[in-house]
Amino acid sequence: MSAAPHDHASDTHHAEGHSHLSPVEARVRALETLLVAKGYVDPAALDVLVDTYETRIGPRNGARVVARAWSDPAFAQWLARDATAAIASLGYGGRQGEHMVALFNTPEEHHLVVCTLCSCYPWPVLGLPPVWYKSAPYRSRAVSEPRAVLREFGTELPEGTRIRVWDSTAEIRYLVIPMRPAGTEGWDEARLAEIVTRDSMIGTGVPRPDVKAVP
């Protein structure tokens, strides 16, 4: 799988949903159902565990990285030069995050991350991948019609903004550093991290300073 980006200026297409289960996910779901039925697994505890890794621990780690980059120009430069080391300095690293690359959004260029063959994903900074990230429609359409995909996520970019699609591999994982919203001058890192969403670090969304971030 090539890690080279794909460039797009504009795309339009009819949308499909982002909730299809892959064969592996279907088998996992069937196994989970069986274990719950036999009383081996408490579904409430399982839900808490999945929620913790999917929406709390992981994305919050990445949000802290983004907030530090927004607040500290020296850290942002380090992140651009050696994302793996910069991220590790905050305590985030290990499996699925051994070789990280940070992609900085600008008014002229917006980055979008996909894994076209499977679901390579930077677990140390984003937690578990969402179902839509692993779905066949997203994996194919993010490359062929990224602007249309972004619209489906509620992200409308100016026509002049170039979209670059990056294909994650087992060797390289990407973290999008979204643009810091206007009106956040003087905010501390903790407050900035609250507006960084998981989707904004994949590239399907953008931070919103007017609301508390939700995964």
Side-chain angles (χ1 to χ4, degrees), residues 18 47-107 109-115 119-134 138 142 149-150 153-155 157 164 166 168 172-215:
H18 296 291
D47 288 344
V48 170
L49 180 63
V50 171
D51 178 69
T52 296
Y53 280 93
E54 186 176 43
T55 67
R56 298 181 183 178
I57 294 177
R60 289 184 183 276
N61 293 348
R64 185 184 173 203
V65 173
V66 172
R68 176 65 59 85
W70 285 348
S71 304
D72 185 344
F75 180 80
Q77 292 175 5
W78 186 15
L79 191 62
R81 184 175 63 254
D82 186 349
T84 306
I87 291 170
S89 74
L90 298 181
Y92 314 132
R95 189 171 180 272
Q96 311 298 328
E98 297 91 342
H99 303 289
M100 295 291 302
V101 172
L103 308 169
F104 288 75
N105 283 347
T106 68
E109 189 168 74
H110 182 93
H111 299 286
L112 177 65
V113 179
V114 65
C115 181
S119 57
C120 294
Y121 193 75
W123 288 31
V125 288
L126 293 185
L128 300 176
V131 171
W132 56 259
Y133 182 86
K134 300 177 284 184
Y138 177 77
V149 169
L150 290 178
F153 279 92
T155 303
L157 298 177
R164 301 187 72 180
W166 297 81
S168 285
I172 300 177
R173 311 295 170 94
Y174 299 100
L175 177 68
V176 175
I177 309 300
M179 290 187 295
R180 180 172 179 169
T184 60
E185 298 79 7
W187 289 22
D188 60 23
E189 286 186 25
R191 188 178 180 189
L192 288 171
E194 288 293 334
I195 66 170
V196 180
T197 65
R198 176 199 62 198
D199 289 3
S200 72
M201 294 181 283
I202 298 173
T204 54
V206 294
R208 291 189 55 192
D210 56 327
V211 297
K212 185 174 181 177
V214 292

- Task: Could you tell me whether the side chain of W70 and the main chain of P178 form a donor-acceptor pair under 3.5 Å?
- Result: yes
Problem set entry | Side chain proximity check, I202 to W132, heavy atoms < 4.5 angstrom | yes
Compile the donor-acceptor pairs under 3.5 Å between side chains in residues 181-188 and protein atoms, sequence neighbours left out, one pair per line.
unit_1, atom_1, unit_2, atom_2, d
T184, OG1, R180, NE, 2.9
T184, OG1, P181, O, 2.7
E185, OE1, G183, N, 3.2
D188, OD1, A190, N, 3.3
D188, OD1, R191, N, 2.8

Next on the checklist: If the threshold is 4.0 Å, N to carboxylate O, is there a salt bridge linking R64 and E189?
Outcome noted: no
Under a 3.5 Å distance rule, please check whether S71 uses its side chain to pair with a backbone N or O of A67 as donor and acceptor. yes
**OP:** Please examine the side chains of W78 and D72, heavy atoms only from C-beta on, and report whether any two atoms are closer than 4.5 Å.
**Re:** no
Hey, does N105 have a side-chain heavy atom less than 4.5 Å from the side chain of H110? yes
Check: R164 and L103 side chains under 4.5 Å, non-hydrogen atoms
no
Worksheet item: Salt bridge check: are E194 and R60 linked by an N-O gap of less than 4.0 Å?
Response: yes
Discussion item. Taking Y121's backbone N and O only, do any of them form a donor-acceptor pair with S168's side chain (distance below 3.5 Å, no angle check)?
Written reply: no
Between H111 (side chain) and G203 (backbone), is there a donor-acceptor pair under 3.5 Å?
-> no
For Y133 and C120, the nearest pair of non-hydrogen atoms, with its separation, is OH-O, 2.8 Å
